[in-house]
Amino acid sequence: MSLILAIDQGTTSTRAIAFEVRDHDLRPVAVSQIELAQHFPRSGWVEHDAGEIWSATLQTCREVVRQAGGVDRFAAVGLTNQRETSVIWDAATGEPLHRAIVWQDRRTAEVTARLTAEGREPGVQSATGLILDPYFSATKFAWLLDAVPGSRERAARGEVKLGTIDAWLIWKLTGGRVHATDAANASRTALMDLKTVEWRDDLCVLFDVPRQALAAIVPCAGRIGETDPALFGRPLPIAGSAGDQQAALVGHGALTPGDAKITYGTGAFLVANVGAEPVASTRRLLGTLGYQAEGRTAYALEGSIFSAGSAIQWLRDGVKLISESRQSEALAQSLADNGGVYLVPGFTGLGAPWWEPEARGTVVGLTRDSGPAHFVRAALEALAYQTRDLLDALAQDGAPPLKTLKVDGGVTANSFAMQFVADICEVEVERPAFQEMTALGAARLAALGVGLISDLQACPAEAPACWKPRMRPQERDRLLSGWRRAVKAAIIAAPERA
Ligand SMILES: Nc1ncnc2c1ncn2[C@@H]1O[C@H](COP(=O)(O)OP(=O)(O)O)[C@@H](O)[C@H]1O
Ligand SMILES: O=P(O)(O)OC[C@H](O)CO
């Protein structure tokens, strides 16, 4: 009984990984992954099928349990997920009542613009650490309640449930017995008080979300519930849960103030540990909960980039300039420089530090010489420029300079991109040999939750691959000023402002 079943329900896929626990060292022994269909019903809308998410979760978990030698070898389940994505379901049938609204979705931009115009942002920010943006779950929950006839009244009676993907999966895994969400995920809804870690009635009223429909907030490590015995042959405790970016913070061992990581997946998310008290950003970074475990709460500042790997996916699946993501590296390297071409990947608006929900993707600097390689290189370079914007904001918020930037996620397989991040951000970039920091973090929390480990700090760090800055300062300044002009163009070209 020394295995942990970690579930990583991400934007593009669902993964289950079995980790063997030896002392404080967790090693992967089995893995299963299923891609997730993306639905784009209208411009700026992104949806997932919550039923598909559940069946992929069950299928990957069963496969991993089988590969690892059976359920009796497992001690607990740890969960991590794509955070703000919002689900509505019927408590009696356990069926979703609408497709899930994905974190990238912009359909509630008018609502957040109206609340901003009414002067509501400072109050929301001081209570939750978040700004007013369609990214967060509150306006998505309200939209879902409006879209499903009768659901607001039914929600107030407890017949309809709302939750982020962790809450949805905990409900399904426990056979509808537990409606719980971990504190890290709850901090992404704009309904939770960041200091007290409780739902706020005034915010439920402001966003028109009945509190009765929300899950109970629980710590990230500890016994959350037991899986339905019918699922795996015997019940397993669900003992760890955290939103994926916070779980990656734990996976990287970024447990003390000044530690930071950035995960380059579909989006990219910089999370910096700021310690035991929330920090209010003056630079439009997000105040968020890092994790709640071992009887304490760690807070973080976060910079969220909405499009990172998704820009590469768009080049592959949308405009078909490449047939596989990894081809982007050789194509980018085939050019001596970017030729003055910049791509601002505002496909679903721009996140931190700009927060322009109506901005859209923009390419500037095209000439008759520009070809596919320029688009690909510009998309990869954009990762580094956006990271630099976040690190500058973090420094302006008074965070100590980073010794190294810890990275993970699918895009970090790209050495060109990682070298460019080191060059543009003037920081050493470290990528652990084992890439699944998110699942590792969830597994560590679950191992802590059932007492298989006693101390997150005692978990050993992975030996990293490193990229050191080597670009000349004049070259960096020239590229950054080109990027800043391109961002201005993207913001000016936003449809609302045209
Ligand atoms: N070699 C590569 N170069 C650039 N991008 C890549 C490479 N390999 C994978 N990606 C991108 O990484 C993303 C997937 O990363 P992952 O961490 O699995 O995402 P998520 O957790 O958001 O589902 C995809 O957007 C894909 O385009
Ligand atoms: O599923 P990922 O890795 O793209 O992460 C999604 C983010 O947590 C959204 O806030």
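When a ligand or atom number is given, it counts from 1 through the structure's own listing order. Everything quoted here is computed from the prediction, not taken from an experiment.
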For atom 11 (C) of ligand 1, closest protein heavy-atom neighbour = Val411 CG2, 3.8 Å

message = Checking side-chain polar atoms at under 3.5 Å, does Thr112 have a donor or acceptor matched by the opposite partner on Asp133?
response = no

message = Tell me the nearest of Thr412, Ile322, Val376, Thr266 to atom 20 (P) of ligand 1, using heavy-atom distances.
response = Thr266

key: Taking atom 8 (N) of ligand 1 as the reference point, the nearest protein heavy atom with its distance   = Gly410 O, 3.4 Å

message = Classify the ring geometry of Phe136 against Trp355: parallel below 30°, tilted from 30° to 60°, perpendicular beyond 60°.
response = tilted

key: Top protein contact for atom 23 (O) of ligand 1, by heavy-atom distance   = Thr12 OG1, 2.4 Å

query = Has Glu329 got any heavy atom lying under 4.0 angstrom from an atom of ligand 1?
reply = no

message = So if I count the atoms of ligand 2 from 1 in the order they appear, which ones are less than 4.0 Å from some heavy atom of Thr266?
response = 4 (O)

request  = Quick one: look at Gln245 and ligand 2, take heavy-atom pairs under 4.0 Å, and tell me if it's side chain, backbone, both or neither.
outcome  = side chain

request  = Classify the ring geometry between Tyr135 and Phe269 as parallel (under 30°), tilted (30 to 60°) or perpendicular (over 60°).
outcome  = parallel

key: Gln313: numbered ligand 1 atoms lying under 4.0 Å from its heavy atoms   = 25 (O), 27 (O)

inquiry  = Within the 4.0 Å heavy-atom shell around Trp103, which atoms of ligand 2 are there?
reply    = 4 (O), 6 (C), 9 (C)

key: Nearest candidate to atom 3 (N) of ligand 1, where distance is taken over non-hydrogen atoms, out of Asn414, Thr438, Leu36, Asp8   = Asn414

request  = Could you tell me whether Gly309 and ligand 1 have an N or O pair separated by under 3.5 Å?
outcome  = yes

query = Would you call the rings of Phe19 and Phe434 parallel, tilted or perpendicular, where under 30° means parallel and over 60° means perpendicular?
reply = perpendicular

Closest approach of any protein heavy atom to atom 1 (N) of ligand 1, naming residue and atom = Arg326 CA, 3.4 Å

ask   = Relative to atom 8 (O) of ligand 2, which among Thr438, Ile305, Asn81, Asp244 owns the nearest non-hydrogen atom?
value = Asp244

query = Going by distance only, is there an N or O of Tyr264 that falls short of 3.5 Å from an N or O of ligand 1?
reply = no

query = Which residue and non-hydrogen atom of the protein lie closest to atom 1 (O) of ligand 2, and at what distance in Å?
reply = Thr11 OG1, 2.7 Å

request  = Mark up the atoms of ligand 2 that fall under 4.0 Å of a heavy atom belonging to Tyr135, in ascending order.
outcome  = 9 (C), 10 (O)

ask   = Picking from Ile322, Leu366, Val341, what satisfies side-chain contact (heavy atoms from CB on, under 4.5 Å) with Phe375?
value = Leu366

query = Just checking, any donor-acceptor pair under 3.5 angstrom between side chains of Gln246 and Arg83?
reply = yes

key: Heavy-atom donor-acceptor pair, Glu426 side chain to Asp423 backbone, under 3.5 Å   = no

inquiry  = Once you restrict to heavy atoms under 4.0 Å, what part of Ala308 touches ligand 1? Side chain, backbone, both or neither.
reply    = neither

ask   = Are any of the heavy atoms in Arg15 under 4.0 Å away from ligand 1?
value = yes

key: Matching residue for Asn185 among Thr85, Asp166, Ile217, Asp244 - test: side-chain contact (heavy atoms from CB on, under 4.5 Å)   = Asp166

task = Answer side chain, backbone, both or neither: which part of Arg188 comes under 4.0 Å from ligand 2, heavy atoms only.
result = neither

key: Modelled atom types, side-chain donor and acceptor of His252 and Asp259, under 3.5 Å   = no

ask   = Got more than 12 heavy atoms from elsewhere within 6.0 Å of CD, Gln59?
value = no

task = Start with the C-alpha distance between Thr282 and Asp397, add both sets of side-chain angles, then the distance that settles side-chain contact (heavy atoms from CB on, under 4.5 Å), and finish with yes or no.
result = CA-CA 6 Å; Thr282 58; Asp397 268 341; 2.8 Å; yes

ask   = What residue and heavy atom of the protein are closest to atom 26 (C) of ligand 1, and at what distance?
value = Ser325 OG, 3.6 Å

remark   = If you compare Ala248, Gly265, Ser13, Ser307 by their heavy atoms, the one closest to atom 19 (O) of ligand 1 turns out to be Gly265

remark   = Ranked by distance from atom 9 (C) of ligand 2, the top protein heavy atom is Glu84 OE1, 3.3 Å

remark   = Here the atoms of ligand 2 under 4.0 Å from any heavy atom belonging to Gly10 are 1 (O)

